[in-house]
Amino acid sequence: MTTTEPITHHPAPITPNLPERYDPATIEGKWRERWERDDLYHVDDDAPGEKWYSLTMYPYPSGVLHIGHWFAFVAPDIFARLQRMRGYNVLFPMGFDAFGLPAENAAIRNNIHPAISTFGNIEIMHQQYRLMGAMIDWSREVITCTPEYYRWNQWLFLQMLKKGLAYRANGAVWWCPKDQTVLANEQVLEGNICERCGTEVYKRDLEQWYFRITDYAEELLHDAEKLDWPERVMTMQRNWIGRSEGARLRFTLETGDVLEVFTTRPDTVWGATFMVLAPEHPLVEKITTDTQRAEVAAYIEQARKQSEIERMSTDAARQRTGVFTGAYAVNPVTDERIPLWIADYVLMGYGTGAIMAVPFGDQRDFEFARAFDLPIRVVVQPDDLPNFDPETMTEAYTGPGRLVNSGTMTGKPMPEALPEVIAWLTEAGRGEAEVNFRLRDWLISRQRYWGTPIPVVYCPDCGLVPVPEDQLPVVLPLDAEFTPTGQSPLVTHEAFLHTTCPQCGGAARRETDTMDTFVDSSWYWFRYTSPHDENAPFDAEVARRWTPVDLYCGGIEHAILHLLYARFFTKVIRDLGLIDHGEPFLRLRNQGMILAEEGTKMSKSRGSQVGPDELVAAHGADALRLHLMYLGPWEQGGPWNSRGITGMERFIRRAFSLVTETGAGPFDQSLPDAAVAPLHRLRAKTIERVTTDLDEFQFNTMVAALIEYVNELMRLRETEVIHTPAWREAIGTLVLLMAPSTPYVAEELWERLGMPYSVHQQIWPTYDAALTRANEVEVVVQINGKVRDRLLLPVDLPEEDARARVLAQPKIAEATAGREPRKVIYVPGRLVNIVV
RNA sequence: GCGGACGUGGCGGAAAGGCAGACGCCGCGGUCUUAAAAACCGCUGAUGGGCAACCAUCGUGCGGGUUCGAAUCCCGCCGUCCGCACCA
């Protein structure tokens, strides 16, 4: 059990004649209280300074914060504090993603109503964020399971319904038998596994609500290029959207039906010797001949089961299976009669669910043709290769070459002449150019309780009727039976279910499905800008000032789902006229994952989860913040280790005694410039290092720079510079540089220096760039690339002089042994390399 | 199978063509103490040599290359992790 009590502060024991010891519990308790009393982190829309919107992915309130939450949050907190000290008006809000399966499943497990457990968890998590010293303005908190928030989910849904962006459709959808609900494509993991509970899911035919995200496919793909996002996230989004250029071609069947296919290689249509339909294709039933019917039915049955049994291995997938339907189509360019097969390697969910099979140019079609002895026709021949022979080919050819056996197009070079071929096919009425996407529309209905009710009503007379906007919110009743049964729990809540039709006033039924939780998180950052607005999801004028988000931090696990949906919503909200931009997050940074000490994933069940509260009690929040940042590169993550934290405690103690023991002065000594120059230079270089490291999100080296600064100051402490004004400046700088990372002790030290409250409202230190360059520098002398000597040389010494100085060194003279250097390489301020 | 990232002391890591191992942890030695803790100081990649300050050689997964000079760039392997995986 973790403690959630605020750390109480005892008066520090005063030991006479001994320097005062650093006592985190006292310091942190004192300042936490003071900051809250003063509302130090209150964000004012109209405060001076350029705006900076730093957003961190809000957590699920399904438990308490573990060390991973701290790791994820401390870095953006440090950065937000830096931006504030740089003079930006910084918005750094926090809230809770409170609807959805994690909270609901936990509630069912513990037999507590999700509303109770959710708000209970939120209360605990509030205390934990306070402990961390996070720079959060809690007056802007957003909790998505409150009617004040989700009524705007409903409002946005109604706007999308009006624009045709929300629609109901029947189709094969993923069903999770454990969670008893449908899932979006994005929530189904490899091996047909439910993203939430790990159960194997399968397809069911159901009528569901969708958002037409595919309308924005092209824009989602292209706008991404302007963003400062990690390359791998961009790649994942690009792959998920899956844009392919090609053509839609029409084949006429002997039954008279027209079968459309999508292909990226319309130039190979002369080589289409058969066609394949997905087993679920709606035409299969109609075209299958009586003699083939039994065999086709058996295959479809087997294919349907396949998603329920263990996923096929790669090898097994290569075993091409399929069945002839008995039907034939006509190849539109050769007029040949070609057979129609069904096979599971053709997916209903991509393209048209049917393909023209060109065994010459597609490896899967090739394997299928070999397996079932179907004809292969050569249609491309490169000039510099021997002629292909269908009898002896071992794999499909996908490279460049000239079209052969291709009617009037024979001789055209590929892929250069592809547009010409498509133009010719279009002219001939065989099809037209098409861009196809892998992206499917977003299925948003869920047959679960803990979510936003979908605001529509079904009237026996008027049909589907949207709930009028002035009747929002449609409130989720708290007294419903929420254990999953496979139909939406709200069906059993009579008072909710039965209503009157907003149009005719007659008896009607409410929609009982709720919305996917990802709807909540698709626009929540807008709500932070005016969280209490009662007339709109957000005040458009205020939102225009704060958004888009300048920096978004969170886990890589949201690379597709949340980030794609959020981008889609932003474009929809733009098209509703509320904002002007179409991309929500200009800069994205992903933290790595903190693993358990053994290097495995932290898990509650194995007890390898590390709780931050005990660590704070033992070492202080400042030390824990530093330690997390010092573990390694933030964007990489790594195993937790509990030992290193003592090093951070030592560092803070050293800084503490350095400041308290030398910060009071007197600073009346004036020394020659040369005596204080090293101190000035040290200060300037440290500011430079800390600032650039923070800008590059290299928190581990930023901490190292702070430690080195203190180590150097400890050395200089023994010299007379400690009584110069420069020392006072250097000590003040130390406290300012520590402020973002160790907010508590920095505030304490700032006060002890007699400086005005608060250190967090000070200006980030600047430095004279000229000072970061020394006049004299130790230059390495190499002979044939090996270091043999080093000597102090002026930074800008001309090559001739450097060469003379170096060659005059006794060690070098000895090493070259009188041999005349063949070549001398001189890098001013760095090294001299003598090649003999 | 395809694509990407990574591989450095006992450990976490630093070094983005120029002194490999910054900084921290661990460990060892010392100061202070009756003692311990804390604190402070010093040492701490390997091998060999020297009483010693030090010197030499090797060393960034393996093999090659480019360069005066490579952890860093290029090519080929090996390994780890991640993403995608019948996308027509």
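Hydrogens, waters and symmetry mates are skipped; everything else that's a heavy atom, side chains included, is used. Below, chains carry the letters A, B, ... as their sequence lines are ordered, and counting in each starts from 1.
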Q. Looking at A:Glu432 and A:Arg250, does any basic side-chain N land under 4.0 Å from a carboxylate oxygen?
A. yes

Q) Tell me: CZ of A:Arg717 to P of B:C40, nearest whole Å? A) 10 Å

Q: Rounded to the nearest angstrom, tell me the gap between atom NZ in A:Lys823 and atom C1' in B:C68.
A: 5 Å

Q: Find out whether A:Val421 and A:Met414 are in side-chain contact, i.e. whether some heavy atom of one side chain is under 4.5 Å from a heavy atom of the other.
A: yes

Q. Would you call B:G27 syn or anti, using the 90° rule around 0?
A. anti

Q. Where each residue is assigned the nucleotide of RNA chain B containing its nearest heavy atom, which of A:Asn239 and A:Ser244 is assigned the position nearer the 5′ end?
A. A:Asn239

Q.
Base, sugar-phosphate or nothing for A:Leu347? Non-hydrogen atoms, less than 4.0 Å.
A. base

Q: Give a yes-or-no answer on whether the side chains of A:Thr273 and A:Arg377 include a donor-acceptor pair shorter than 3.5 Å.
A: no

Q) If only atom types and distance count, is the side chain of A:Asp622 paired as donor or acceptor with the main-chain N or O of A:Val745 below 3.5 Å? A) yes

Q. Do the ring planes of A:Phe368 and A:Tyr345 sit parallel (below 30°), tilted (30 to 60°) or perpendicular (above 60°)?
A. tilted

Q: Using the test side chain to side chain donor-acceptor pair (under 3.5 Å), find all partners of A:Ser244 that sit at least two apart in sequence or belong to another chain.
A: A:Tyr350

(Q) Check this one for me: any side-chain N or O of A:Arg788 less than 4.0 Å away from OP1 or OP2 of B:G69? (A) no

(Q) Output the rounded distance in Å from CG (A:Leu561) to P (B:G83). (A) 13 Å

Q: List the protein contact pattern of nucleotides 14-29 of chain B with one symbol per nucleotide (5' to 3'): B for base contact, S for sugar-phosphate-only contact, - for none; contact means a heavy-atom distance under 4.0 Å.
A: S---BB--BBSSS---

Q | Side-chain donor-acceptor pair present, A:Thr660, A:Tyr22, cut-off under 3.5 Å | A | no

Q. Is there a side-chain contact between A:Asn700 and A:Trp634 (heavy atoms, below 4.5 Å)?
A. no

Q.
So, under a plain 3.5 Å distance rule, would you say the side chain of A:Arg232 forms a donor-acceptor pair with the base of B:C82?
A. no

Q: For B:C19 versus B:A14, give the span between their C1' atoms, rounded off to a whole number of Å.
A: 14 Å

Q.
Between B:A36 and B:C58, how far apart are the two C1' atoms, rounded to whole Å?
A. 43 Å

Q: Just call it for A:Val824: base, sugar-phosphate, or nothing, with non-hydrogen atoms closer than 4.0 Å on any strand.
A: nothing

Q) When the P atoms of B:G27 and B:A38 are considered, how many whole Å apart are they? A) 11 Å

Q | Nucleotide B:C86, atom C1' - distance to CE of A:Met348 in whole Å | A | 16 Å

Q. Quick one: A:Glu649 CD to B:A37 C1', roughly how many Å, whole number?
A. 14 Å

Q.
Can you check the distance between B:C32 and B:G48, where both ends of the measurement are the C1' atom (answer in whole Å)?
A. 38 Å

Q: Using the P atom on both, measure B:A22 against B:A37 and round to a whole Å.
A: 27 Å

Q. How far, in whole Å, is B:U60 from B:G9 if one measures between their C1' atoms?
A. 10 Å

Q) How far does the P atom of B:C62 sit from the matching atom of B:C78, given to the nearest Å? A) 15 Å

Q | Check: A:Thr733 and A:Tyr709 side chains under 4.5 Å, non-hydrogen atoms | A | yes

Q: Before accepting this row, confirm whether a basic side-chain N of the pair A:Glu712/A:Arg717 lies closer than 4.0 Å to the acidic partner's carboxylate O.
A: no

Q) What is the distance, rounded to the nearest whole Å, between atom CZ of A:Arg370 and atom P of B:C86? A) 23 Å

(Q) Just N and O in the side chain of A:Arg653: are any of them under 4.0 Å from OP1 or OP2 of B:A39? (A) yes

(Q) For Watson-Crick and G-U wobble pairs within 3.5 Å on both distances, what is RNA chain B written in dot-bracket notation, | included for inter-strand pairing? (A) (((((((..(((.....[....))).(((((.......))))).(((((....)))))..(((((..]....))))))))))))....

Q.
Please give the distance between the C1' atoms of B:G59 and B:G50 as a whole number of Å.
A. 23 Å

